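Since the structure comes first, as structure tokens, the remarks are kept for the end.
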Amino acid sequence: MLQFHRAATGALACVATLLLSACAAPPMGGKQVIASPDAPAAIGPYSQAIRHGSTLYLAGQIPIDPKTNQVNTGSIEEQTRLVLDNLKAVLAANGMTLDDVVLTHVFMKDLNDFAKMNAVYATYFKDKPPARATVQVARLPRDVAVEISAVAAR
């Protein structure tokens, strides 16, 4: 009887361990792909975002309309709005908002459009805006005027 009790206790311990490990959250150090159907699919070998621990690294978004998969070639203001809306969609897929963004990188085709881009950007980041770097580049994917990447954290 004592032997049966030990075996049963051991088996129950194994079952409990399996159940606990199956229900446990993924390890904080692991990397997880985050994707949203409400943002354009990646157009290359990259992910829309990667979560590592409590930090979310968002790939650069360009002004592609996720509903039509067409590039918006409108004004810099229109392009900036669409880029930021796409970033919001990817953030939402991870339960985050623009308030969680701590860093952005803005890549522009022409820094002469900076004031116009910045005016739109300011409407998305009203309170405690993230740190930011803005640079002019020779060319962006699909010849768009702006691309923005971000890092968000909780």
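All values reported here derive from a predicted model rather than from experimental measurement.
- When all heavy atoms are compared, the tightest approach of P40 to I64 is CG-O, 3.2 Å.
- When each of T73, I76, V83, N86 is checked for a side-chain contact (heavy atoms from CB on, under 4.5 Å) with P63, only V83 meets the rule.
- With contacts defined as side-chain heavy-atom distances shorter than 4.5 Å, the pair I148/F107 does not qualify.
- The nearest pair of heavy atoms linking Y121 to L84 is CA-CD1, 3.9 Å.
- Side-chain contact check for I50 versus Q32: every heavy-atom pair is 4.5 Å or farther apart.
- With N69 contributing its side chain and P66 its backbone, the two residues share no donor-acceptor pair below 3.5 Å.
- Between L140 and V137, some side-chain heavy-atom pair lies under the 4.5 Å cut-off.
- Closest non-hydrogen pair, V102 versus P130, comes out as C-CB, 3.4 Å.
- A59 and L87 get closest at one heavy-atom pair: O-CD2, 4.0 Å.
- Proximity of T134 to L111: side-chain heavy atoms (C-beta onward) are separated by under 4.5 Å at one or more points.
- Looking at Y57 and S47, their side chains never bring a donor and an acceptor atom within 3.5 Å of each other.
- The backbone N or O of M96 sits nowhere less than 3.5 Å from a side-chain atom of N94 that would complete a donor-acceptor pair.
- A salt bridge is absent between D85 and R81: the closest approach of a Lys/Arg side-chain nitrogen to an acidic carboxylate oxygen does not fall below 4.0 angstrom.
- Between L91 and V101 there is a side-chain heavy-atom pair separated by less than 4.5 Å.
- A donor-acceptor contact under 3.5 angstrom links the side chains of N118 and R132, judged on distance only.
- In this structure, the side chains of M108 and D113 come closer than 4.5 Å at one or more pairs of heavy atoms.
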